[in-house]
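Working notes, beginning with the structure itself.
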Amino acid sequence: MSSPDTTDFDPKKRFRNRMMLLGLIALFLIPPVLAKLLLAFDVHPASTTNKGELLQPAVALSDLNLQHANGQPLAWHPADRRWQAIVVATPDCAAACAELIAGLDKVWQMQGRHADRFGVLWFGDVPQGAQVFRNFVPMQPKAELEQRLPNLPRSGPPAVYLVDPAGFAALRYAPGFDLSDMYKDVHGMLK
């Protein structure tokens, strides 16, 4: 049988141990409490890292039964983690659309090994002489799509909408946008 330990406790050591325990508890409790306070006072960052205009709420497109120009249905495969740029060509955008296609080709090429996870869905006429690329997909026009996309230009240069793998339009790039902005957004999404 053992006898109880009768050694005296050092009050300084006991105090230091208690302070370390309180410090550990505070270390784990402060972040969630701080997050709750920031949410309660509606504190948000002044800007986001996206270069495109964030669509809130995101626009669901996966239920539209979109079709390729050859009639084949477009299938959304979220597991592939494939992002799409959607462009609805305006009737009078021939030169601007050809330039946009060339720019989207550069955005696609600059994705490097992730390029196969980014494509362009082009709704409307492809301009004469435009250099299309492997992940450029001509699509059949769809009135429902045009109704859902916010601030869709009806003339002049078209806007571009970035669509996530589940089929939600998440970002909008206004006509005449800087293609390097889109590159940065797409590159960040594909990582």
Side-chain angles (χ1 to χ4, degrees), residues 31-69 72-91 93 96-97 100-101 103-108 110-111 114-124 135-191:
V33 169
L34 184 60
K36 185 77 171 169
L37 286 172
L38 291 173
L39 283 174
F41 290 108
D42 199 30
V43 176
H44 299 285
S47 65
T48 62
T49 58
N50 296 330
K51 303 294 183 180
E53 171 191 344
L54 185 64
L55 300 178
Q56 290 188 343
V59 180
L61 303 175
S62 60
D63 63 331
L64 289 180
N65 299 320
L66 303 175
Q67 294 183 337
H68 295 211
Q72 179 183 358
L74 174 68
W76 298 99
H77 299 288
D80 292 345
R81 297 177 35 209
R82 183 178 174 86
W83 287 78
Q84 307 281 355
I86 288 186
V87 180
V88 178
T90 58
C93 80
C97 283
L100 178 60
I101 292 171
L104 291 171
D105 179 26
K106 289 177 186 171
V107 170
W108 173 71
M110 291 173 61
Q111 299 311 319
H114 299 295
D116 286 335
R117 292 189 17 235
F118 174 68
V120 175
L121 304 178
W122 189 272
F123 293 85
N135 282 12
F136 180 90
V137 182
M139 303 290 290
Q140 291 181 2
K142 185 84 167 180
E144 288 177 89
L145 172 71
E146 294 178 20
Q147 292 169 357
R148 285 196 192 176
L149 293 175
N151 302 320
L152 183 68
R154 301 294 178 186
S155 65
V160 178
Y161 298 84
L162 191 59
V163 181
D164 73 9
F168 289 91
L171 294 173
R172 177 183 183 272
Y173 299 90
F177 69 96
D178 185 358
L179 285 161
S180 66
D181 289 344
M182 183 178 198
Y183 162 74
K184 291 172 188 171
D185 285 346
V186 171
H187 186 72
M189 305 290 185
L190 295 181
K191 276 189 170 180

Rounded to the nearest 0.5 Å, what separates atom [atom1] in [X] from atom [atom2] in [Y]?
X	Y	atom1	atom2	value
Q111	K106	CD	NZ	14.5 Å
F118	N135	CZ	CG	8.5 Å
L179	L104	CG	CG	6.0 Å
R148	D63	CZ	CG	4.0 Å
F136	D105	CZ	CG	10.0 Å
I86	L162	CD1	CG	9.5 Å

Within-4.5 Å side-chain heavy-atom neighbours: [X] and [Y]:
X	Y	value
V59	F168	no
Y161	L55	yes
M139	V137	yes
P158	V88	no
L74	Q67	no

Under a plain distance cut-off of 3.5 Å, with no hydrogens placed, do Y173 and D178 share a side-chain donor-acceptor pair?
no

Donor-acceptor pair, [X] side chain versus [Y] backbone, under 3.5 Å?
X	Y	value
T90	R154	no
R172	A159	no
D164	A166	yes
W83	P165	no
K142	L64	yes
D185	K51	yes

Closest approach of [X] to [Y] (non-hydrogen atoms, all atoms of both residues):
X	Y	value
C97	A89	SG-CB, 4.1 Å
Y183	V107	CA-CG1, 4.1 Å
A85	V160	CB-CG1, 3.9 Å
N50	M189	OD1-CE, 4.3 Å
A169	L61	CB-CD1, 4.0 Å

Practice task
Go through the steps to decide whether F123 and L145 satisfy the test side-chain contact (heavy atoms from CB on, under 4.5 Å), and finish with yes or no.
Solution key: CA-CA 10 Å; F123 293 85; L145 172 71; 3.6 Å; yes

